[in-house]
Amino acid sequence: MKPIKLEDTNIKEILQRSPIDSNSVIDIVTNIVNDVKENGDEKIRHYTEKFDGVYLKDFLIPPEDLEESLSRIDPDLIHSLKKASSNIYKFHQAQLPREWSMEVDKGINAGQIVRPLERVGCYIPGGRAVYPSSILMTVIPAKVAGVKEIICCTPPGPDGKVEDVVLAAAYLSGAHKIYRVGGAQAVAAMAFGTETIPSVDKIVGPGNIFVTAAKKMVYGQVDIDFPAGPSEVLIVADETGNPDYIALDLLAQAEHDPQSASVLVTTSSLKNYQK
């Protein structure tokens, strides 16, 4: 953490956001998306080998591998995943919209009918770090909403494998299928469908600049959550704040991307937060 006294710096410099724009990679992403749209699995294998350094014959991870992953990770981590899953479920359960109907005039009724989507695709980033939280926070809301089929795409490592903690999170959250595909090619596959990856109604989940550009490009073919930029968090705290909790909240955003911004604003002495 870098302490900065407000009177010693320009506030505009602190608040300046990353200048990175997904339009800067639009030509590259357009070629990838069109390649996958026209050639399906063949081009997914090509781009997976090119960007992830591994040639894959099959993308789908066998369902039994998801359950077996639980035996390969620390029990404390499993407990944490289950606890997080429970909290996320409760939060989104409270957000569920309700159906209602009313007679606005004699013989005229108006209301709201709520129906879940048939299939949702969750993009789970990889590469710099492992993000089991992304699976929990994308799959569980879809489960709560009643989506019939939830698939996940996440990039494989150089050995062609996906980390056990990610597989465990997929299993605990209730994902139906998980594919070893990342980047813009994964977004294109979920948008248009391939021989092995089905097309979805909506794509959700964070990703790098190439994933963001791909999501913007396929919007209209499918729905998306939003074109997310680098993670940002601003925490305002006084001397009553728990330094451990504050540090964890800052780190949770800082880990996502070199362009992430994690800022603490406090009136308390800096020594209270320098641990």
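Within the 4.5 Å cutoff, the side chain of Met137 has heavy atoms near those of the Ile88 side chain. Residues Thr138 and Ile150 have side chains not in contact (no heavy-atom distance under 4.5 Å, counting atoms from C-beta outward). Taking 4.5 Å as the limit, every side-chain heavy atom of Asp52 sits out of range of all side-chain heavy atoms of Pro158. When side chains are defined from C-beta on, Val181 does not count as touching Pro155, because their heavy atoms never get closer than 4.5 Å. Pro125 is not listed as a side-chain neighbour of Asn208, based on a closest heavy-atom distance of 4.5 Å or more. When side chains are defined from C-beta on, Glu99 counts as touching Arg115, because their heavy atoms get closer than 4.5 Å. Within the 4.5 Å cutoff, side-chain heavy atoms of Pro156 are placed close to those of Thr48. The side-chain heavy atoms of Val166 and Tyr131, taken from C-beta on, include no pair separated by under 4.5 Å.
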Checklist entry - For Val263 and Ile235, what are the C-alpha separation, side-chain angles and deciding distance, and is it a side chain to side chain contact (heavy atoms under 4.5 Å, CB included)? => result CA-CA 6 Å; Val263 180; Ile235 298 176; over 6 Å; no
Checklist entry - Would Ser24 and Ile209 count as a side chain to side chain contact (heavy atoms under 4.5 Å, CB included) if you check the C-alpha gap in whole Å, the side-chain angles of each, and the deciding distance to 0.1 Å? => result CA-CA 9 Å; Ser24 64; Ile209 189 172; 3.8 Å; yes
Item to check | Steps toward side chain to side chain contact (heavy atoms under 4.5 Å, CB included) verdict (Thr154, Tyr179) | outcome: CA-CA 6 Å; Thr154 188; Tyr179 296 91; over 6 Å; no
Checklist entry - What's the verdict on side chain to side chain contact (heavy atoms under 4.5 Å, CB included) for Met190 and Val222, showing C-alpha distance, side-chain angles and the deciding distance? => result CA-CA 9 Å; Met190 291 189 285; Val222 295; over 6 Å; no
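Formation of a donor-acceptor pair under 3.5 Å by the Tyr123 side chain with backbone atoms of Gly183 is found in this model. Thr266 places a side-chain N or O within donor-acceptor distance of the main-chain N or O of Ala237, the cut-off being under 3.5 Å. No side-chain donor-acceptor contact under 3.5 Å links Thr194 to the backbone of Gly40. At least one donor-acceptor pair under 3.5 Å links the side chain of Glu103 to the backbone N or O of Gly107.
Take Gln93 and apply the side-chain hydrogen bond (donor to acceptor under 3.5 Å, both in side chains) test, not counting sequence neighbours, and it matches Tyr89. Judged as a ring pair (Phe, Tyr, Trp, His ring centres under 6.0 Å), and not counting sequence neighbours, Phe91 has no contacts. Every residue two or more places apart in sequence or in another chain was checked for a side-chain hydrogen bond (donor to acceptor under 3.5 Å, both in side chains) with Gln221, and none qualifies. By the side-chain hydrogen bond (donor to acceptor under 3.5 Å, both in side chains) test, Gln112 is found to be paired with no residue, residues two or more places apart in sequence or in another chain being considered. Partners of Asp65 by side chain to side chain contact (heavy atoms under 4.5 Å, CB included), not counting sequence neighbours, listed by chain and number: Ile61, Pro62, Glu68.
Considering all non-hydrogen atoms of both residues, His176 and Lys148 come closest at CE1-O, 3.2 Å. When every heavy atom of Lys143 is checked against every heavy atom of Ser173, the shortest pair comes out as CG-O, 3.5 Å. Among all heavy-atom pairs drawn from Ala168 and Ser69, the shortest one is N-OG, 3.2 Å. Counting all heavy atoms, side chain and backbone alike, Ile203 lies closest to Val200 at CG1-CG2, 3.7 Å. Across Val29 and Ala213, no two heavy atoms sit closer than the pair CG2-CB, 3.8 Å. When all heavy atoms of Val54 and Gly157 are compared, the closest pair comes out as CG1-O, 3.7 Å.
Val33 and Ile26 sit in two unconnected hydrophobic clusters of ILVMFWY residues. Membership requires side-chain heavy atoms under 4.5 Å apart, directly or through other members. Hydrophobic clustering of Ile, Leu, Val, Met, Phe, Trp and Tyr side chains at less than 4.5 Å, counting indirect connections, unites Val104 with Trp100. Residues Leu60 and Phe192 share a single hydrophobic cluster, defined by chaining ILVMFWY side chains whose heavy atoms lie under 4.5 Å apart. Val233 and Tyr245 end up in different hydrophobic clusters when Ile, Leu, Val, Met, Phe, Trp and Tyr side chains are linked at under 4.5 Å. Cluster annotation: Val187 is connected to Ile28 through the hydrophobic network of ILVMFWY side chains, with a link wherever side-chain heavy atoms come within less than 4.5 Å.
Arg180 and Asp58 are not joined by a salt bridge, as no carboxylate oxygen comes within less than 4.0 angstrom of a charged side-chain nitrogen. Comment: Glu38 does not engage Lys43 in a salt bridge, judged by the lack of any side-chain N to carboxylate O separation of less than 4.0 angstrom.
Residues Tyr47 and Asp35 have side chains that bring a donor and an acceptor to within less than 3.5 angstrom of each other.
One distance of note links CD1 of Ile178 with CG of Leu167; it measures 5.5 Å at 0.5 Å rounding. To the nearest 0.5 Å, the span separating CG on Leu136 from OG on Ser86 amounts to 11.5 Å. In this structure, Asp223 CG and Lys215 NZ are separated by 10.0 Å, a value rounded to the nearest 0.5 Å. Going from atom CG of Leu56 over to atom NZ of Lys161 covers 12.5 Å, rounded to the nearest 0.5 Å. Going from atom CG of Leu172 over to atom CG of Leu70 covers 5.0 Å, rounded to the nearest 0.5 Å. With rounding to the nearest 0.5 angstrom, the CD1 atom of Ile224 is 13.0 Å from the CE atom of Met217.
In Leu248, the CG atom is crowded: over 12 heavy atoms of neighbouring residues, nucleotides or ligands sit closer than 6.0 Å. By the neighbour-count criterion of 12 heavy atoms within 6.0 Å, atom OH of Tyr171 is sparsely surrounded, having that number or fewer from other residues, nucleotides or ligands.
The side chain to side chain donor-acceptor pair (under 3.5 Å) analysis of residues 195-205, with sequence neighbours excluded, yields the pairs Asp41-Thr196.
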